[in-house]
Engineer: 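Dumping the structure here so I can ask a few things about it.
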Amino acid sequence: MTEVRSPETDSSEGVGDEDETRNELELETTRADGSASAEEGTGDDALQEGGQSDRPPESPVKRPTRSLASGLLQRLARLFFGCLAAVACAVLYATYMSLYHDRKFWFSIRQELEREITFQGGSGFYYYYYKHMLTAASFERGFYELMVDNRTLSGQTINAVERFSLYPELITSFIYRLTGGQDFVEPIYFYVGAVFGLQAVYVTALFVCSWVMSGTWVAGMLTVSWYVINRPDTTKVDYAIPLRDNWALPYFSCQVAALTGFLSNNIRSATEMCCYLTLSATTFVFLLVWEHSHYVLFVQGLCLLLLDSFDLVPARKMADIHKAYLGALFLAYLFHFQNAALLSSPLLSLLIGSVLARYFQQKMKMGPLVARVMKLFLHFHLVFTTGITFSYLVKKLVPVSESDFILKFLEVKFGLNTTTDFVTNILLCQESFQTPGQDFFLRLTQASVLPFYLLVLTVCLLSTLQTIYRRLSGQPMTANLRLEDGRVGEQPEVIYHVFHTLLFGGLALLFDGMKYLWTPYVCMFTAFGVCSPELWMTVLKWLKLKSIHPIVLYCPRVLAELSDVQEFYDADTVELISWINSQAPGAAVFAGSPELLGTVKLCSGSAVTSLPLYSDVHLLRRSEDSYQVYSMRSAEDIYKILTSQKANYVIIEESICNELSPNKGCRIKDLLDIANAHVVYDKGEIYSFSKHGRFCHEIKMNYSPYTNYFTRVFWNRSYHVYKVNSVISFQY
């Protein structure tokens, strides 16, 4: 018989306010407590003593009314203070990031050009399109000019909105125009403020997620504290504000929070519908603003596939989630101008495979243990076979060259193949695609996150495995779990986050860039476990200690970053951009490294030969041609390459030409020598060899034939700018 207790009975047993209910956001629990109190009265104490109560019965009307009012007020108070804490954490974090950014770059006292140069990591060119939308005659005119953009890549007319996922800039510029922002704030402050505001939404979603799972908003505050302490491994917003993931990941965090609430068993229908609508909307926006979002949702889809296959979530909810995914994909496909990459995405293939496999295996979740395990393997086989077949057919009908490139890249990454291809090798040398170093795990350990995370993950994983075994054995899921049941692994939202952290954690061990998708949820998941009475009761039940209630205290270390006055000023880049704005023709086309060209495009608006977008294979190939100025090729070869890209000026960077790196195989000039077959192998060592000297060195000597093709027009300590002669002069 299920034990139902009134709030007063719980109080008499010493259970704290934070642990009184699984989900304090639901008022339905209050109604249930009230009705149960009306039925059982005050007989709980007498039943616990094994006898009948000698007290006279109280009024059957007044007692439940007092109980209902008391429980309602307690929950409303906790809800109010929890929401207040969430808003306070969000505002404080956004303020902290704004102050830290200003002190790091001296942002408020810089000139406009110097502020724009602070957008590092090749992200600045996104801000150029925001400026373009504000300077256009109207929003509609600016949008049209971006759709037929011939001022970005030399010799090409592109749809910049589709190519670069510019919806954040479109929406932000539209709001700036609509609200009359030009009357009270500068455009760059409005743009930066929008990103920091989204980061506030990010931490709020993490706060709510841990609150819903643990039942206490203290877990939310601990989540935000750990998130801030581990900021170098949770976000890139402090140095590369316009990056797409800084716009997209807050929406993914909201989507995960909505999914967590939707999967919960203790939820009313109205709240469930609210979570579902939020899930659908945030999934669509996430797909809209980031070109890599469908890969992230594919990993999330694998977690949901495991939930459904092990019968850990109602089939109705899984069908609703599939509808939300398919609807968001369809809308994103339309808003991205029928982007073929979404049709061939692994997410769509997984959804098609899951839906068809569920249709053909309607009795998969029936039968004894052995039969269900065999059906489970067959189910996985059907899902992935159907998905791979669908993807193959789509790629035959709509060729997508990027998909083949990704497979080749993964083959080289995991040591299944080798290549001399420059694009593949330069991607492998990017920090985001390398395995994380030991310092990453050391930082997590010093912040005390990793030890607690391993403890929480171990408990939740073991409890989840117990639940999976019970489900495969035919035992039903317990709908209304009690605290003393000690079954944290029977909560669908907890099981989802176990799968979530395992899959994303596995990817983070392979690719350093994935830590920004994993570490925030490590902080959230760990805070949930530390503050969850269900998790500790599960441990105590395993240890046969049923009467002890754990109290866990944590005091995070105080950050002192705001007191650290830093200096960032790139005088050589400022001088270069100033020269371009004052001396170079407006129609000039510049060649150089993609990161520098992103800054040139942002600050001058000039056309360039390439941009730092590593998800676009065609741009990477153009970047390889631009990088040839650092190879050992003849002046005539370089001239032909630059004129084929319609370049008028080429910028040579001293930092690349004279790069000194302990990892020789990842220097730009080394990668070019390998791709151009300008290397000699001797006793395991690699040496560069060619009949031509390295172009970036030879051109500085000012002798023929280099002076026949190029004329130096600007130089400083970091940059040399050469004009590509339109008329070749053969003077020796």
Engineer: Taking ring pair (Phe, Tyr, Trp, His ring centres under 6.0 Å) as the test, write out the residues that go with Tyr703, two or more places apart.
Structural biologist: Tyr706
Engineer: How far does OH of Tyr126 sit from OH of Tyr191, to the nearest 0.5 angstrom?
Structural biologist: 9.0 Å
Engineer: Run through Tyr630, Phe710, Tyr709, Tyr627 and flag the one making a ring pair (Phe, Tyr, Trp, His ring centres under 6.0 Å) with Phe695.
Structural biologist: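 When ring pair (Phe, Tyr, Trp, His ring centres under 6.0 Å) is applied between Phe695 and each of Tyr630, Phe710, Tyr709, Tyr627, only Phe710 qualifies.
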Engineer: Can you give each donor-acceptor pair under 3.5 Å made by side-chain atoms of residues 600-608, sequence neighbours left out, with the distance rounded to 0.1 Å?
Structural biologist:
residue	atom	partner	partner atom	Å
Lys601	NZ	Arg151	O	2.5
Lys601	NZ	Gly605	O	3.3
Ser604	OG	Val600	O	2.5
Ser604	OG	Ser606	N	3.3
Ser604	OG	Ser606	OG	3.2

Engineer: For a salt bridge (charged side-chain N to carboxylate O under 4.0 Å, His left out) check, start with the C-alpha distance between Arg621 and Glu624, then their side-chain angles and the critical distance, and finish with the verdict.
Structural biologist: CA-CA 5 Å; Arg621 296 297 179 193; Glu624 179 181 4; 3.6 Å; yes
Engineer: Report the residues that fulfil salt bridge (charged side-chain N to carboxylate O under 4.0 Å, His left out) with Asp673, sequence neighbours left out, ordered by chain and then residue number.
Structural biologist: Arg694
Engineer: With sequence neighbours left out, what residues match Asp238 under side-chain hydrogen bond (donor to acceptor under 3.5 Å, both in side chains)?
Structural biologist: Arg231
Engineer: For Phe196 and His101, I'd like to know if the aromatic rings sit close, meaning centre-to-centre distance below 6.0 Å.
Structural biologist: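 Centroid separation for Phe196 and His101: below 6.0 Å.
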Engineer: Is the shortest distance from a Lys or Arg side-chain nitrogen in Glu116 or Lys131 to a carboxylate oxygen in the other one below 4.0 Å?
Structural biologist: yes
Engineer: Tell me the closest heavy-atom pair linking Leu619 and Leu611, and the distance in Å.
Structural biologist: CD2-N, 4.1 Å
Engineer: Name all residues meeting the side-chain hydrogen bond (donor to acceptor under 3.5 Å, both in side chains) criterion together with Gln199; count only those two or more places apart in sequence or in a different chain, and write none if there are none.
Structural biologist: none
Engineer: Could you tell me which residues satisfy side-chain contact (heavy atoms from CB on, under 4.5 Å) with Lys236, sequence neighbours excluded, listed by chain and number?
Structural biologist: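 Partners of Lys236 under the side-chain contact (heavy atoms from CB on, under 4.5 Å) test: Tyr239, Leu243, Asp245, Asn246, Tyr516.
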Engineer: May I ask you to check whether Tyr202 and Tyr251 place their ring centers less than 6.0 Å from one another?
Structural biologist: no
Engineer: Quick one: side chains of residues 179-189, donor-acceptor pairs under 3.5 Å with protein atoms, not counting sequence neighbours, listed by atom name and distance.
Structural biologist:
residue	atom	partner	partner atom	Å
Thr179	OG1	Ile175	O	2.7
Glu186	OE1	Arg115	NH1	2.9

Engineer: Got a sec, which residues hit side-chain hydrogen bond (donor to acceptor under 3.5 Å, both in side chains) with Lys700, two or more places apart in sequence or on another chain?
Structural biologist: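 Per chain and number, Lys700 pairs via side-chain hydrogen bond (donor to acceptor under 3.5 Å, both in side chains) with Glu654.
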Engineer: Once side-chain hydrogen bond (donor to acceptor under 3.5 Å, both in side chains) is applied, do any residues pair with Thr711, and if so which ones, sequence neighbours excluded?
Structural biologist: Asn725
Engineer: Establish, yes or no, whether a centroid distance under 6.0 Å links the rings of His294 and Phe298.
Structural biologist: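 Not under 6.0 Å, so no.
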Engineer: With sequence neighbours left out, write down each residue that passes ring pair (Phe, Tyr, Trp, His ring centres under 6.0 Å) with His697, or none if nothing qualifies.
Structural biologist: none
Engineer: Can you list everything that forms a side-chain contact (heavy atoms from CB on, under 4.5 Å) with Asn159? Sequence neighbours excluded, please.
Structural biologist: Met147, Val161, Glu162, Phe337
Engineer: According to side-chain contact (heavy atoms from CB on, under 4.5 Å), who are the partners of Gln338, at least two apart in sequence or on a separate chain?
Structural biologist: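 Only Tyr333, Leu334 meet the side-chain contact (heavy atoms from CB on, under 4.5 Å) criterion with Gln338.
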